[in-house]
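What follows is a single structure, written as structure tokens, with notes after it.
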Amino acid sequence: MLKSFFRSEPQRLKWALTLCAFLGYALIFLLFYKDASLAVRTSSVLPVIVAGWYFGLRGGMLSIVFDTLLSAFLLYVTEYSGGSILFFYEEAMLTIDIVSVLTLILIAIAIGWLSDRTRQQKAEIEEAKAEQRHLDELATLHAIAMAITTTTDEHHLIEKITQIIGENLYPSNFGVLMVDEEEGILRLHSTYHIIEDKAITDIPMGEGITGQVARSGQTLRVPDVSLNPHYIMAAPSTRSELCVPIKIGTRVVGVINAESSKLDAFSQADEDLLTTISGQLSTAIDRLRVATEQRQWAEQLERSNTLIRILAQVAARIETASGPDGVMHLMGDELKKLGLNALVALFIPGTQELLIRYTSIESQIIERFERLAGHTMDDFRIFVEKLPAYLNLSQHPHPVFLPAPLEAIAAIMEGFPEAAIERLLEPAGVGEKMLLGHFPLIVQEKVLGFMWLWGGDLRETDMPTMSIFANQVAVALENARLFAEVQRLAVTDELTGLHNRRHFFNLAFAEFYRARRYARALSVLMLDIDHFKRVNDKYGHAAGDIVLQSLGKLCTHLLRDLDIIGRYGGEEFVILLPETDLAAAKQVAQRIRSAISELSIPTTRGEIYVTASIGAAGDNVDELNLLELIEHADEAMYAAKRAGRNCVMVYEN
């Protein structure tokens with residue numbers, strides 16, 4: 001009985017009301033027994049009714065016994081307290097008439113039966129509700145299982161499960177929050193059901209009830225949220241909350257959260273049910289994520305293979321390009337077909353300056369840039385020391401997608417603010433959210449420069465493939481440069497940069513026969529540096545090389561583009577002057593001689609001044625061949641030396 005008394009608050013209330021009924025009856029008996037026996041008898045029915053209603057037929061009958069004993073005790077107290085107990089009992093029993101007792105019994109039976117019947121019906125109703133809820137739970141679990149087996153997308157899976165649970169179990173505030181590990185927050189899924197129109201922000205990990213569950217991985221059932229200091233009020237009507245983690249292994253990926261406007265609305269059964277649902281959901285999410293990763297991996301593998309195949313074709317084509325410029329233009333054209341833009345900047349030999357050698361940006365955009373910059377793209381320089389740290393080769397020698405593309409472009413295009421760059425290059429697909437690939441072009445530890453790639457179809461997963469392609473581009477550029485260098489050396493004197501003797505004759509013969517065919521004037525100059533051996537002996541051969549280089553540059557500057565100059569041998573230079581008669585050739589020779597005599601050549605051993613002797617021949621291409629003309633110019637040059645050097649002599653028969 002004591003256990004029943006202390007079992008719950010409703011039970012305590014029933015016993016308290018019954019006790020009050022008996023105490024009330026006792027009080028009325030003591031006050032009105034003498035003058036109002038009918039009132040006293042009537043009041044004795046009160047505890048019987050209360051006990052019968054609250055505790056059923058058995059309680060009503062027990063209350064009659066207690067009522068009779070209480071009445072006898074009260075009679076003893078009021079009438080017979082001076083006599084013996086036996087006498088009191090006999091008199092009391094005579095006083096309590098049989099009719100009253102029978103009346104009380106009938107009342108107790110009626111009230112008790114009615115109470116038992118009501119309680120039984122209520123129990124049946126509760127049992128029916130419990131059975132219906134059990135059926136709802138089974139139906140819910142079945143519906144969730146069906147959703148899991150038929151859904152191939154995590155978002156739609158959560159949407160379906162939220163809808164199923166909201167319709168069948170928790171119609172008020174209910175939903176799923178997913179963990180964003182990068183941001184360290186819980187994000188409300190878009191299907192989170194809130195009955196109150198109130199905006200809810202994302203929840204930091206560890207904050208609020210859901211944040212605590214996400215961090216600890218332990219279920220939390222809160223009977224009264226007002227008593228929980230961590231509760232974040234999202235809906236003012238919420239009184240209780242149940243939050244269950246969604247875990248894949250030991251990692252929490254989200255939480256299931258249910259709220260109610262009733263205090264202590266969630267039971268252990270609710271907790272067990274949501275735990276079961278959480279297990280189903282976590283298994284499904286894990287399966288979908290694995291499937292998604294496999295699908296993405298397969299798609300990326302297919303994309304990478306396609307990209308590798310295409311880029312391999314591009315690489316094969318650029319290998320056949322005749323020079324670095326050809327490599328870059330061919331590469332840019334092929335990348336355009338893939339929706340990719342490119343910009344290549346190469347180091348100026350011997351400097352830490354980069355020159356933009358190629359860009360696939362449209363010409364009208366380049367023209368706008370050049371107008372704003374005040375110079376052409378060919379004159380634009382990128383200074384390595386002014387580049388930010390993440391573009392520094394010593395710190396970041398590997399390809400990377402730049403985190404702030406506009407900032408990087410602003411650093412490369414010095415003097416242009418980010419806003420102007422974005423506005424200027426927007427038609428070329430340049431923007432803050434684009435992917436900008438930064439690829440150093442390195443061949444055998446030799447840094448050629450950089451290549452930047454961007455485009456709408458570029459993905460971060462393309463980095464390995466694009467890195468390989470960038471290496472192929474670097475190799476192709478270096479091979480093209482070496483090939484061009486070999487080609488140049490085959491026709492060029494390595495020291496002076498002029499045509500070598502063999503290439504000079506190839507060009508000169510073609511020009512000579514053209515002049516003969518069309519009866520055009522043609523002259524030849526032979527130039528020799530005076531006392532060049534003294535220069536080598538006094539200043540050294542390195543200084544002598546500088547003298548030869550300086551005179552070669554000077555002559556090239558003084559001659560026309562159609563004139564042909566070559567190094568004939570040692571300190572001798574030969575010059576072919578198309579469309580030039582002998583008189584004009586003599587003037588050209590005098591201009592060259594005068595400029596040489598006035599030229600100051602700086603060297604590490606001091607400034608050097610030299611003179612030159614020049615011989616001229618021509619005007620008789622119909623009578624002589626090219627070799628004879630050159631021989632005549634050579635004879636005239638020796639005549640100039642015999643005449644005292646630093647002069648011009650014309651060959652005369």
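Worth saying up front: this structure is predicted, and the values here are computed from it rather than measured. When a residue number appears, it is its place in the shown sequence, counting from 1. Heavy-atom basis, side chains included; hydrogens, waters and symmetry copies ignored.
Judged purely by distance below 3.5 Å, without hydrogens or angles, the side chains of Gln549 and Asp545 never pair a donor atom with an acceptor atom. Side-chain contact check for Asn257 and Glu259: at least one donor-acceptor pair (N or O, by modelled atom type) lies under 3.5 Å.
Rounding to the nearest 0.5 Å gives a distance of 13.0 Å between CD1 of Ile382 and CD of Gln352. Rounding to the nearest 0.5 Å places CD of Gln280 at 7.0 Å from OG1 of Thr276. Between Thr238 atom OG1 and Ile209 atom CD1 the span is 9.0 Å, to the nearest 0.5 Å. Within the model, atoms CG of Leu507 and CG of Leu562 stand 12.5 Å from one another, a figure rounded to the nearest 0.5 Å. To the nearest 0.5 Å, the span separating CD1 on Ile277 from CG on Asp272 amounts to 11.5 Å. Here the CG atom belonging to Leu435 is positioned 10.0 Å from the CG atom belonging to Leu402, to the nearest 0.5 angstrom.
A side-chain donor-acceptor contact under 3.5 Å links Asp270 to the backbone of Ser267. When atom types are taken as modelled, the side chain of Asn228 and the backbone of Val225 share no donor-acceptor pair closer than 3.5 angstrom. Side-chain atoms of His557 do not come within 3.5 Å of backbone N or O of Lys553 as any donor-acceptor pair. The closest donor-acceptor contact from the side chain of Ser240 to the backbone of Lys262 lies under 3.5 Å. Using a distance-only test at 3.5 Å, with no hydrogens or angles considered, a donor-acceptor pair links the side chain of Ser360 to the main chain of Ala342. For the pair Asp333 (side chain) and Leu330 (backbone), a donor-acceptor distance under 3.5 Å is absent. Judged by distance alone, with hydrogens and angles left aside, the side-chain atoms of Ser278 form a donor-acceptor pair with the main-chain N or O of Pro245 at under 3.5 Å.
Between His438 and Phe401, a ring centre-to-centre spacing not shorter than 6.0 Å is recorded.
A pairwise comparison of heavy atoms in Tyr358 and Gly332 identifies OH-CA, 3.1 Å as the closest pair. The two residues Ile248 and Val253 have their closest heavy-atom pair at CD1-CG1, 3.8 Å. Heavy atoms only, all atoms of each residue included: Met463 and Pro399 are closest at SD-CB, 3.7 Å. When all heavy atoms of Lys247 and Thr250 are compared, the closest pair comes out as CD-O, 4.5 Å. Closest approach of Gly449 and Leu354 over heavy atoms only: CA-CD2, 4.0 Å. Nearest heavy-atom pair across Leu498 and Gly566 is CB-CA, 4.3 Å.
A 4.5 Å side-chain heavy-atom check between Arg221 and Thr219 finds every atom pair outside the cut-off. Asp462 has its side chain out of reach of Glu460: every pair of non-hydrogen atoms, C-beta onward, lies at least 4.5 Å apart. Side-chain atoms of Glu478 and Leu441, non-hydrogen and from C-beta on, never get closer than 4.5 Å to each other. Using a 4.5 Å heavy-atom cutoff, the side chains of Trp454 and Leu343 are in contact. Contact check for Leu355 versus Arg381: side-chain heavy atoms found under the 4.5 Å cut-off. Residues Arg567 and Leu495 have side chains in contact (heavy-atom distance under 4.5 Å, counting atoms from C-beta outward). Side-chain contact check for Tyr231 versus Ser226: every heavy-atom pair is 4.5 Å or farther apart. Using a 4.5 Å heavy-atom threshold, the side chains of Leu477 and Leu346 count as touching.
Tested against Thr556, the residues Thr496, Asp561, Ile565 include a single side chain to side chain contact (heavy atoms under 4.5 Å, CB included) partner, Ile565.
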Evaluate Arg502 against Val491 for side chain to side chain contact (heavy atoms under 4.5 Å, CB included), listing each step before the verdict. CA-CA 7 Å; Arg502 178 181 176 182; Val491 299; over 6 Å; no
Using side chain to side chain contact (heavy atoms under 4.5 Å, CB included), reason through Ile246 and Val252 one step at a time and then give a plain yes or no. CA-CA 6 Å; Ile246 304 171; Val252 177; 5.9 Å; no
Test side chain to side chain contact (heavy atoms under 4.5 Å, CB included) applied to Asp325 and Arg357, step by step: CA-CA 8 Å; Asp325 290 338; Arg357 293 287 301 274; 2.8 Å; yes
I'd like to know whether Val344 forms a side chain to side chain contact (heavy atoms under 4.5 Å, CB included) with Phe450, so could you lay out the CA-CA distance, the side-chain angles of the two residues, the decisive distance to 0.1 Å, and finally the verdict. CA-CA 6 Å; Val344 179; Phe450 299 100; over 6 Å; no
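Checked for salt-bridge contact, Arg289 and Asp286 miss the test: no charged N lies under 4.0 Å from a carboxylate O. Ion pairing between a basic and an acidic side chain is recognised when a charged N comes within 4.0 Å of a carboxylate O; Arg239 and Asp224 show no such pairing.
In the displayed structure, Gln444 atom CD is contacted under 6.0 Å by at most 12 heavy atoms of other residues, nucleotides or ligands. Counting non-hydrogen atoms of neighbouring residues, nucleotides and ligands closer than 6.0 angstrom, the CD atom of Gln364 exceeds 12 such neighbours.
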